[in-house]
Amino acid sequence: MTRYKKQDPEITRRKFINVAMGTTAAVGTVSLVSALGTANPIFRLTPDKAPPVKGDVLVHASESKEGQPIKVSDLSDQLVRAWPMGKDKDGNNVIRKGDPNNILALYRFPKGQLVEPTKLDATVDGEIVAYSDICTHAGCSVSDSDQGDGMKCPCHSGQYDPKRGCKVTGGPPPRPLAQLPIKLEGEQLVVADFFATMPYPFLSETEWEKFKKEVEEQLA
Amino acid sequence: MNQWLDDRLHISRLNDKFLRKAFPVHHSFFLGEITLFSLIVLIITGILLALAYEPSNSLVVNSFDPGTATKPNLVPAAYHSALKINAMPFGDMLRRLHHWMANIMVAAAVIHMMRIYFTGAFKKPREINWWIGMLLMIFAALTAVTGYILPYDNYAYNTVKVVYAITASIPWVGDWVAQAAFAGKFPGDGIIPRIYGYHIMLLPGILLALTGAHMLIMIKQKHTQPQYAKRLAYKKIVGVPLITQQTPIMLILALMFTGLVMLFAAFVPVHPVEFFGPPSTTPINNIKPDWYLLWVFGALAIIPSFEFHLFGGLIGAEFVGALVLPGIVMGVMFAVPMFDRTDENQYYAENPTNHPVRLAAGVAFMAMMIVLSVAGYKPELISAGLLTTANANTILWILTFIVPAVSYFAVIGIVRGIRALREADERDALAHAHADD
């Protein structure tokens, strides 16, 4: 007599149940994950959410004067907040405040005070300069510092120097505020180009370049 | 009727198992109860608030200040409904009661946790309940944060902006996670409905489930016994039963406590939505989170700026300060029961001075939390002239490590002193005992 292992031609009940349970668990998990995908809505780039683009007029953002074009005489070494205002498809004015990251900070310094690394050819006469007003750290709106020179973010004490390209002078922000090229057309301040560097909330230049292309295609 | 009920529901078994549960007689054992009562009041006031709240960030005309026909004054519906709640009879007080209760619940939970830690009540067999308690703390904080976003005033707006940025700072998946969690790019059209869902359904559900588990395990494992129980009846459960002795005490405590917080709510204003105004691009100067998140805020305020790429993901100061650092702190707290190597079941609450290292480590930990919280006041410290912009970070970083170290050794020293005195007392007593012979 030889000892042999009994070969059961049929699958055992235990094995069947285990495989069935495993399969349903896998299918169930995958279906749940796909349902989770619905949590993330599609982003549609509408004119009010587009970033400042060439030709946009800069208008006041403060509640009392919202929508009024900014005049040179309104500006000083105190921060003035502005929205870019462009046109929608029908040619109506649209303030681009659908994306709060479009808020801008405008300054006017006496000649000679604006120095490198500010891009001087992107300013008006080396006097008026525009930056993104969104802190590159956690996305709060940045104010004039209450402790003397420069700008300070109220959220985590990030500090910037608007006279030197808004470079970080204190706190956790990783990058300077993005400078926005502007020019004077008649009485109005007008956007000359996209932000010179990537603004908040972009994390890499490639992403920002991709977004710029998307914007150009959409608004063309 | 008792018989009738008992035949159907087996009340007598319930009575033996749960209703006769012995509660230790010591005031420090009420801290958990206070946390529980806060949760109950929070749910009741929360339901009342939800009845009048409109979870939407769509713009509506502000009925209190409609503006003109050509230029209507538009505010988010959620903000508008918060104004309307304030205008209801006792509406403002209801909001404050909910807010104060939330703060006090976290405070009671923290002190409860300190009691557990310092008396060694986290030891075997109660590790699981320590971990559930930690989860309760974390989810309570999340619930509170989603709660103060709901009025959608400028403060809430800035808060949710920072929370969104912190979520988006997770390497690799941050953008996707933030958009999924907050209904699209900030501020999505559905951000308030989404957070409302979290605050009134998801998070309270989690809190209630965890609270249920916390208490069931506590009833199964019994409380740690206070020291007097050791002298009274060694290894026996000493205390008063839930029915009938503990219940009236609990009721009195719950009512007195609620009354006290009610007084608070009546006279101490909190989160004035009218003052902050609707969401705007004008930042609020010196905005701060609630006290129990101030240490994270402080860490973010003094962390230096850095950024590096790792396998295509971006790791920045924000991720490290707001997620990695709190993750480490929470991890250490989770690991507390694992530092204890004893294999025996813990019956009695320990005298903290008998465990100087544990005591000192706990005090040092709290000292560090306090220093980091103070660091959250960096702008105020600079404005007050105590620090300068140039030296603030350095000094605060040094204090972050020096103060805990000093408190650690100070506690060890004080405990040694107490022990020396105690031993001297014992020697004294012994000497006198001999003299009495």
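Sequence lines set the chain letters: A, B, ... in the order given, protein chains first and strands last, and positions in each chain run from 1. Just so you know, these numbers come straight off a predicted model, no measurement behind them.
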Trainee: Would you mind reporting whether Lys378(B) and His156(A) have side-chain heavy atoms less than 4.5 Å apart?
Mentor: no
Trainee: Taking the side chain as every heavy atom from C-beta outward, state whether Ser204(A) and Leu314(B) have any pair of such atoms under 4.5 Å apart.
Mentor: no
Trainee: Using a 4.5 angstrom heavy-atom cutoff, name the option from Gly171(A), Gly170(A), Cys155(A), Cys135(A) with the most pairs to chain B.
Mentor: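 Between Gly171(A), Gly170(A), Cys155(A), Cys135(A), the count favours Cys155(A).
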Trainee: Testing the basics here: between Phe186(B) and Asp99(A), what is the closest heavy-atom pair and its distance to 0.1 Å?
Mentor: O-OD1, 4.3 Å
Trainee: Taking all non-hydrogen atoms of both residues into account, name the closest pair between Gln179(B) and Pro41(A) and its distance.
Mentor: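 Reported closest heavy-atom pair: O-CD, 4.0 Å.
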Trainee: Would you call Pro379(B) and Ser157(A) a side-chain contact if the rule is heavy atoms closer than 4.5 Å?
Mentor: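 Sidechains of Ser157(A) and Pro379(B): in contact.
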Trainee: For Glu187(A), look at atom CD and say whether over 12 heavy atoms of other residues, nucleotides or ligands are found less than 6.0 Å away.
Mentor: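 Atom CD in Glu187(A) is not packed in, count stays at 12 or less.
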Trainee: Quick check: are there more than 12 heavy atoms from other residues, nucleotides or ligands sitting under 6.0 Å from NZ of Lys213(A)?
Mentor: no
Trainee: Examine whether an atom of Ile284(B) lies under 4.5 Å from a heavy atom of chain A, and if so say whether it belongs to the side chain, the backbone or both; otherwise answer neither.
Mentor: backbone
Trainee: Just wondering, more than 12 heavy atoms not from Lys183(A) lying within 6.0 Å of its NZ?
Mentor: yes
Trainee: Between Thr281(B) and Trp83(A), is there a side-chain heavy-atom distance shorter than 4.5 Å?
Mentor: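 The answer is yes, as the side chains (C-beta and beyond) meet within the 4.5 Å cut-off.
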Trainee: Quick one: does Tyr157(B)'s side chain get under 4.5 Å of Pro100(A)'s, heavy atoms only?
Mentor: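 A side-chain contact under 4.5 Å exists here.
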Trainee: Taking atom CD of Glu274(B) as the centre, does the number of heavy atoms from other residues, nucleotides or ligands within less than 6.0 Å exceed 12?
Mentor: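 It does: Glu274(B) CD has more than 12 such atoms within range.
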Trainee: Within the distance-only criterion (no hydrogens, no angle test), does the side chain of Ser305(B) pair as donor or acceptor with the backbone N or O of Pro173(A) below 3.5 angstrom?
Mentor: yes
Trainee: Quick check on the interface: out of Lys49(A), Glu63(A), Lys97(A), Arg175(A), who has the most heavy-atom pairs with chain B under 4.5 Å?
Mentor: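 Most heavy-atom pairs under 4.5 Å with chain B: Arg175(A).
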Trainee: Among Pro283(B), Ala165(B), Gly188(B), which has the most heavy-atom pairs under 4.5 Å with chain A?
Mentor: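 The answer is Pro283(B).
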Trainee: Given heavy-atom pairs under 4.5 angstrom as the criterion, report whether the side chain, backbone, both or neither of Ile134(A) touches chain B.
Mentor: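 Only the side chain of Ile134(A) comes within 4.5 Å of chain B.
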Trainee: May I have the step-by-step check of side-chain contact (heavy atoms from CB on, under 4.5 Å) for Cys140(A) and Val162(B), ending in yes or no?
Mentor: CA-CA 7 Å; Cys140(A) 295; Val162(B) 172; 3.5 Å; yes
Trainee: Which residue out of Val163(B), Ile287(B), Asp189(B) racks up the most heavy-atom pairs below 4.5 Å with chain A?
Mentor: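 Top count of heavy-atom pairs under 4.5 Å with chain A: Ile287(B).
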Trainee: Among Lys288(B), Lys185(B), Glu318(B), Lys161(B), single out the residue with the greatest number of heavy-atom pairs under 4.5 Å to chain A.
Mentor: Glu318(B)
Trainee: Specify which of Ile382(B), Asn158(B), Asn393(B) makes the most heavy-atom pairs with chain A at under 4.5 Å.
Mentor: Ile382(B)
Trainee: At what distance, to the nearest 0.5 angstrom, does CD1 of Ile166(B) lie from NE2 of His137(A)?
Mentor: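 Between atom CD1 of Ile166(B) and atom NE2 of His137(A) there are 7.5 Å.
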Trainee: State whether the number of non-hydrogen atoms from other residues, nucleotides or ligands found under 6.0 Å of Phe109(A) atom CZ is greater than 12.
Mentor: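 Yes, because the 6.0 Å sphere around CZ of Phe109(A) holds more than 12 heavy atoms from other groups.
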Trainee: Answer yes or no: are there more than 12 heavy-atom neighbours, outside Phe275(B) itself, under 6.0 Å from its atom CZ?
Mentor: no
Trainee: Under a 4.5 Å cutoff for heavy-atom pairs, which residue among Ala317(B), Gly316(B), Ser383(B) has the most contacts with chain A?
Mentor: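 Going by pairs under 4.5 Å, I would pick Ser383(B).
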